There are 2 protein chains.
Amino acid sequence: MSQAAIQSQTRADEAFDCLQTSIVKGELAPGEKIGEVELCSRFNLTRGPLREALGRLESRGLLVRRPHAGVKVVSLSASELVELYRIREVMEGLAARQAAERMTDDEIADLKATLDSHERMIDEARGQAYYQAEGDYDFHHRIATGSRNTKLAQMLLGDLYYMVRMYRYRLSTSAGRPHMALGEHRRIVEAIAQRDGELAEFLMKRHINAARLNIEKKIQEGVLTI
Amino acid sequence: MSQAAIQSQTRADEAFDCLQTSIVKGELAPGEKIGEVELCSRFNLTRGPLREALGRLESRGLLVRRPHAGVKVVSLSASELVELYRIREVMEGLAARQAAERMTDDEIADLKATLDSHERMIDEARGQAYYQAEGDYDFHHRIATGSRNTKLAQMLLGDLYYMVRMYRYRLSTSAGRPHMALGEHRRIVEAIAQRDGELAEFLMKRHINAARLNIEKKIQEGVLTI
DNA sequence: AACACTTTTATTGTTAACAAAATATGTCTC
DNA sequence: GAGACATATTTTGTTAACAATAAAAGTGTT
């Protein structure tokens, strides 16, 4: 567990990290009602710092709180999940554009190398959606950071990605989709390398749009029950 | 003061509201370091709920906290403020598109009526930037809500707008800009009324882009010191 | 047996005292 | 007098006890 590994900051930060990863990993399921005392014993902390962490998570939309009635993990409806991808589309489109303008050559080279490692991951971890998803997350993370747009990166990394990842575990990827996504990633990086912000934005928007359509299809097929 | 008027929710919520409005109104200036005990006496509450509120505000980016060294109001650099408008551009563009698809006819009629009242406000409150700004905020608020995109509205209303409003008070509007902005608002509403999402998105993006250019110009002129 | 009301219980919200850390102050040496 | 070290003070972080509210259980009545 990483809750002891960090240790550096304050106890409320610790609580925040623990809860956030627990939610993302699905250890705390969407809709699950969680009592404060139970959480305290589970993560070895007292209610003060815990409540501070709960407040932060609530404000980030990962928890919902009803006064005097406790908090529960947020539970997105199918349509809300789809809406999330529409937001991602425009925001990450912007991130890609700004990344094309601002990433250093070293960062771009690094990003290319990362994609190679992702390709290996896809081949090796055949079917293991977890590692594929983490590779995908890694890619988008780098673009967001590369935009040098502090607030944009903060919103993507601190809000949207956590929500998406929270549901990624139950979103079994279609066969062949990871390879296709990798190809899309490569084309985006190419556009960034050529400093073509407009193209990078276009390709990123199409990439996320494809992911959205994939999810919508699954919802219609009834494969995805939320 | 409205801190007593609400009263309904919990004490931490009260603290949150008080702090947020204080920051937005500029009573707590950007960069100002604020001590917990001082805030407690100012808002008549104890440190528990206050800390919970501070956590929420920190996670929303209105405060920055250094462990064991206190919190201070966030202070955007000129470039960060400009970046904020780039984010608004894509997000509110999306909001306008979805609003065109989803607002009810009644809501649209209401919105049109609101613009008329804004026009009166601009004429009457000649030079009083405050009321003009609030009218502008009102318009964007309605579009965000009208998108029916919960998360999008939450991000705009709960995060970005507070930051923008926080700086709007020291952003003296150029002469003639309010009238121009009103015209842009009218065209956006027209597109929404015609259910032309694509046009609404285009016009909204251009509208916010114009606002951004206006700010950039002022920064270059040295009028705006941040 | 079903409904309404009361009482109990458990959980959340709040408070104030305590511990730890960082800043500020003062003293000493060079 | 300037810099460095040690002390003191203030401020933040944490804890545990207390109060208030809401959910649950029980009781009585229709």
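Note that the structure is a prediction, hence the values are computed from the model and not measured. In what follows, every chain begins at residue 1, and chains take the letters A, B, ... in the order their sequences are listed.
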Problem - Nearest-Å distance for atom pair NE2/P, residues A:His68 and D:dA22 - result: 5 Å
Handout entry: A:Arg86 with A:Glu89: basic N within carboxylate O range, under 4.0 Å
Key = no
Handout entry: Salt bridge A:Arg165-A:Glu134, side-chain N to carboxylate O under 4.0 Å
Key = yes
Exercise for the section: Rounded to the nearest angstrom, tell me the gap between atom CD in B:Glu38 and atom P in D:dT10. Expected result: 15 Å
Handout entry: Under-4.0 Å salt bridge between B:Arg56 and B:Asp13
Key = yes
Practice task
Kindly compute the distance separating CD1 (A:Ile87) from CD (B:Gln154), expressed to the nearest 0.5 Å.
Solution key: 9.0 Å
Practice task
Give the rounded distance in Å between these two atoms: CG of A:Leu45 and C1' of D:dG13.
Solution key: 13 Å
Problem - Boundaries of the DNA chain C segment in contact with chain B, non-hydrogen, under 4.0 Å - result: C:dG13 to C:dT23
Exercise for the section: Establish, from distance only, whether the side-chain atoms of B:Glu83 and A:Gln98 form a donor-acceptor pair under 3.5 Å. Expected result: yes
Practice task
Let me know the distance between CZ of A:Arg47 and C1' of D:dC18, rounded to the nearest Å.
Solution key: 11 Å
Practice task
Would you mind checking if A:Glu52 and B:Arg65 are paired as a salt bridge, meaning a charged N to carboxylate O distance below 4.0 Å?
Solution key: yes
Handout entry: A:Glu58 bridged to A:Arg51 by N-O distance under 4.0 Å
Key = no
Completion exercise
To the nearest angstrom, the CG-C1' distance between B:Leu39 and D:dT11 comes to 13 Å
Practice task
Would you kindly give the CZ-to-C1' distance between B:Arg66 and D:dT12, to the nearest whole Å?
Solution key: 12 Å
Practice task
Any chance you could measure B:Ile215, atom CD1, to B:Leu84, atom CG, to the nearest 0.5 Å?
Solution key: 9.0 Å
Problem - Members of residues 48-59 of chain B that approach DNA chain C, where some heavy atom sits under 4.0 Å away - result: B:Gly48, B:Pro49
Problem - Whichever of B:Ile34 and A:Ala69 has its nearest DNA chain D nucleotide further upstream toward 5' - result: B:Ile34
